[in-house]
There are 2 protein chains.
Amino acid sequence: MPRRRKAEARKRTKPPGIREIAETLGISIGTVDRALHDRPGINKATRTRVLELAQTVGYRPNLAARFLSSRKQCRVGVNLPREIASFFDLVRDGILDVAQSFESSGVRVVYRSYPRLGQGEIEALEEALDDDIDGLVIAPGRPEHLAPLMRRAMRQGVPVVCVNTDAPGIEHLATVSVDAAASGSLVGELMGRFLGGNGRVVVVTGQLSTVDHRQKLDGFRKELGERWPGLGIAAVVEAHDDEREAYEKCRQVLASTPDVAGVYVSTANSIPVMRALDDQRMSGRLTAITTDLFPALAPLIESGKVAATIYQRPWVQGQIAFQAIYKFLVQRVTPPPVNKLSPHVVMRSNLKLFLERMRPDATGSPGRAGPRPETRAARSGSVATFADEIG
Amino acid sequence: MPRRRKAEARKRTKPPGIREIAETLGISIGTVDRALHDRPGINKATRTRVLELAQTVGYRPNLAARFLSSRKQCRVGVNLPREIASFFDLVRDGILDVAQSFESSGVRVVYRSYPRLGQGEIEALEEALDDDIDGLVIAPGRPEHLAPLMRRAMRQGVPVVCVNTDAPGIEHLATVSVDAAASGSLVGELMGRFLGGNGRVVVVTGQLSTVDHRQKLDGFRKELGERWPGLGIAAVVEAHDDEREAYEKCRQVLASTPDVAGVYVSTANSIPVMRALDDQRMSGRLTAITTDLFPALAPLIESGKVAATIYQRPWVQGQIAFQAIYKFLVQRVTPPPVNKLSPHVVMRSNLKLFLERMRPDATGSPGRAGPRPETRAARSGSVATFADEIG
DNA sequence: TTGAAAGCGATACCAC
DNA sequence: GTGGTATCGCTTTCAA
């Protein structure tokens with residue numbers, strides 16, 4: 001067994017650098033640099049020679065050295081709505097967490113917020129694009145309205161990653177979202193199992209013109225149609241993410257449809273729906289499955305009034321989005337254009353695992369602890385980077 | 001609105017470095033370095049002065065510079081069993097993925113494997129400790145047998161992170177695992193809902209002396225006891241992760257217990273159990289919930305014979321484990337001692353999202369693509385780092 | 001016990 | 001077009 005000797009063994013045999021390339025080619029490192037970076041003022045022929053040699057020796061730039069020498073910083077814009085905070089605050093935290101772990105590569109996050117999804121997002125995007133930024137993470141509320149600005153970003157060479165939507169039809173580097181169709185059919189399957197295969201279900205959504213909402217309904221309907229002949233949709237309620245509207249419409253529907261066995265709320269707007277159920281004294285008898293997770297929902301899950309909720313993993317969405325931008329900017333790796341996460345099923349028995357991650361103090365950023373003598377290890381109060389991803 | 005000017009704005013105002021500290025204190029950077037790193041040969045008084053100033057100015061080392069100048073490399077040992085491959089291969093991939101993304105900080109993975117959980121792990125651990133390694137990730141099969149070696153690791157100053165167990169009672173830096181108790185009660189809750197609150201369930205486990213297995217059973221039993229009065233445990237079968245044993249014992253139990261409504265297999269040993277059910281012509285009528293996910297299980301989920309399986313997220317476990325070691329070694333951040341992941345529920349409707357991640361070609365390591373001219377962006381065939389975490 | 005200086009591997013200039 | 005060289009912030013070594 002090859003037991004390495006203590007001292008010298010841990011020096012690394014250094015990989016080929018630009019200096020080696022320069023030497024073997026008998027040119028200067030400046031020229032190599034020019035070739036590698038497509039910089040102007042270099043002979044086509046030498047450029048090719050350099051590129052080829054780089055290829056064969058397997059040259060890979062030393063990112064530490066690059067960051068150290070180039071004094072410019074990478075600035076990544078993050079535009080998110082303030083509402084719904086329980087979701088987007090976690091997206092932001094996920095982003096900050098990853099950003100943090102790459103701080104030594106000189107990335108900085110420039111954060112902008114606006115009132116709500118689709119409200120002020122155009123202005124914020126415009127502002128960000130004016131702000132000489134290298135990359136951008138956004139949560140498009142109304143993708144179609146953003147299209148022109150997205151084209152502008154493209155022209156400016158600013159890569160944009162969209163979270164919480166697959167934003168088809170607008171230009172972007174990548175999207176990150178929960179698989180909406182899978183989300184819908186997952187609820188269909190849970191509903192089928194929970195109801196023993198029989199019953200009629202009311203679906204409460206936002207508005208069906210939103211791709212995401214449409215896909216969830218379609219997924220749900222497909223699952224029911226293909227696998228659960230005894231299950232049907234009693235009604236589809238569009239509540240437009242409005243509390244009052246959700247409450248009123250649900251009351252009406254429930255009153256006029258007595259034999260409802262289940263309710264599926266496919267947006268975060270579940271509280272008023274549950275209130276309507278309560279008012280009809282139905283919340284115990286009905287099987288309710290909701291979407292997202294926030295403090296007000298916890299007691300409803302605890303009590304069993306909500307059988308399950310579909311968690312859309314905002315923290316992880318943020319992580320992935322930032323990761324994509326970072327790798328693209330720093331390492332020139334183009335991410336997959338569409339990143340679909342698997343939704344999580346949260347029920348009473350695993351609820352606490354998720355709530356723990358939602359405490360405001362659990363932002364999981366030991367590195368932010370600030371100045372400390374390096375020799376003293378700091379035990380961080382919460383979970384490090386990836387660990388938080390469960391939230 | 002503060003629109004920054006184009007060119008100069010993106011230079012960063014540099015944070016305080018050891019040079020600044022040296023200057024304001026009127027000493028040399030060498031001395032500052034000695035103070036910051038507790039190196040021998042420095043006056044106690046100056047040391048304190050440096051440390052204090054560092055504290056007040058908020059000194060944070062530039063990791064890029066550190067890595068660049070220190071020519072030593074960090075070597076992290078990874079010891080994993082070859083069986084069960086569907087699980088541990090993914091743990092390894094998760095580790096490699098993170099390692100990859102930190103390659104520019106000079107971490108290297110030294111991989112060792114041995115036949116199966118608990119078989120050869122002592123030798124492998126010994127070998128790793130002999131191999132002058134800086135940190136270690138292991139998957140302890142029999143923690144109690146490893147105790148002396150773990151103590152040795154501790155003495156040698158080698159931090160160890162354990163995956164797939166919370167390995168109580170042995171020394172380690174941290175553990176990463178699915179929350180076994182939550183896993184058990186989650187199955188209890190699913191069972192309760194699926195069976196409509198009535199029926200008797202057979203539990204198939206490995207061996208109850210294994211903490212992890214015990215906790216799952218306890219979680220399951222607790223959930224049933226507290227919330228599902230109509231549900232009971234018909235029998236608990238210890239199959240010791242042996243296929244034949246599982247099959248035989250299950251056959252017997254099922255034959256002698258006619259009124260079984262559900263089966264819970266709390267280890268990956270579910271195939272023989274399902275075969276036993278099939279042989280008794282019960283697989284359709286029973287509600288089966290299993291653990292882990294591997295190719296052979298997919299058709300059983302597809303067909304509905306397995307209602308759900310609890311996915312233990314090997315990929316993420318690997319990521320978190322390596323991340324913990326890395327942060328500890330490089331950034332001196334001590335991770336939380338226990339990292340409990342929330343288990344995922346996989347059913348027919350979201351199965352494909354998980355299977356996609358299990359294809360052997362989907363290792364998600366664009367950076368490994370090898371030498372390429374940097375100016376040419378590479379579109380990676382699969383998902384970048386964090387994205388794969390859903391698998 | 002301390003100071004001074006030589007790298008690490010890239011970028012960004014200058015001069016030719 | 002190309003070569004040379006200062007520079008980034010730190011570690012390391014040698015000299016005082």
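Residue numbers start from 1 in every chain, and the chains themselves are labelled A, B, ... in the order their sequence lines are given, proteins ahead of strands.
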Worksheet entry | salt bridge (charged side-chain N to carboxylate O under 4.0 Å, His left out) against A:R39, all qualifying residues, sequence neighbours excluded | A:D33
Discussion item. Just so I know, are the side chains of A:C162 and A:M150 near enough to count as touching, which here means a heavy-atom distance under 4.5 Å?
Written reply: yes
Worksheet item: What's the NE2-P distance between B:H37 and D:dT13, to the nearest Å?
Response: 14 Å
Worksheet item: Are any non-hydrogen side-chain atoms of B:F322 and B:V76 less than 4.5 angstrom apart?
Response: yes
Item to complete: Figure out the CD/C1' separation between A:E20 and C:dA10, and round it to whole Å.
Response: 12 Å
Worksheet item: Are OP1 or OP2 of C:dG9 and a side-chain N or O of A:R19 less than 4.0 angstrom apart?
Response: no
Item to complete: Among D:dC10, C:dT11, D:dG9, find the nucleotide with the atom closest to the side chain of B:L68.
Response: D:dG9
Item to complete: Please report, rounded to the nearest Å, how far the P atom of C:dT11 is from the CZ atom of A:F67.
Response: 14 Å
Discussion item. Counting distance alone, no hydrogens or angles: does the base of D:dC8 have a donor or acceptor under 3.5 Å from a partner atom on the side chain of A:S69?
Written reply: no
Response to the item:
From CZ of B:R39 across to P of D:dT11 the rounded distance in Å is 6 Å
For nucleotides 2-4 of chain C, give me every protein contact, N/O to N/O, under 3.5 Å, one pair per line with atom names.
| from | atom 1 | to | atom 2 | distance (Å) |
| --- | --- | --- | --- | --- |
| C:dT2 | OP2 | B:N43 | N | 2.7 |
| C:dT2 | OP2 | B:T46 | OG1 | 3.1 |
| C:dG3 | OP2 | B:S28 | N | 2.9 |
| C:dG3 | OP2 | B:S28 | OG | 3.2 |
| C:dG3 | OP2 | B:T31 | OG1 | 2.7 |
| C:dG3 | N7 | B:R34 | NH2 | 2.9 |
| C:dG3 | O6 | B:R34 | NH1 | 3.3 |

Fill in: Pairing of A:R75 and A:D131 as salt bridge, 4.0 angstrom limit
yes
Discussion item. Rounded at 0.5 Å granularity, tell me how far OG1 in A:T48 sits from CD in A:Q55.
Written reply: 12.5 Å
Discussion item. Between B:R92 and B:D97 (salt bridge meaning N to carboxylate O under 4.0 Å), is one present in this structure?
Written reply: no
Item to complete: Please examine the side chains of B:R47 and B:D38, heavy atoms only from C-beta on, and report whether any two atoms are closer than 4.5 Å.
Response: yes
Practice prompt. Please determine which of B:I27, B:I42, B:L53, B:L25 meets the side chain to side chain contact (heavy atoms under 4.5 Å, CB included) test together with B:V32.
Written response: B:I27
Fill in: Heavy atoms from other residues, nucleotides or ligands near CZ of B:R19 exceed 12 (cutoff 6.0 Å)
no
Item to complete: May I have the distance from A:D33 (atom CG) to C:dT11 (atom P), rounded to whole angstrom?
Response: 5 Å
Item to complete: Quickly work out the A:R60 CZ to C:dA10 C1' distance and round it to whole Å.
Response: 15 Å
Worksheet item: What's the CG-C1' distance between B:L63 and C:dA10, to the nearest Å?
Response: 17 Å
Worksheet item: To the nearest 10 degrees, what angle separates the axes at the start and end of the helix from C:dT1-D:dA16 to C:dC16-D:dG1, five pairs each?
Response: 50°
Worksheet item: Whole-Å distance between D:dC10 C1' and A:N62 CG?
Response: 14 Å
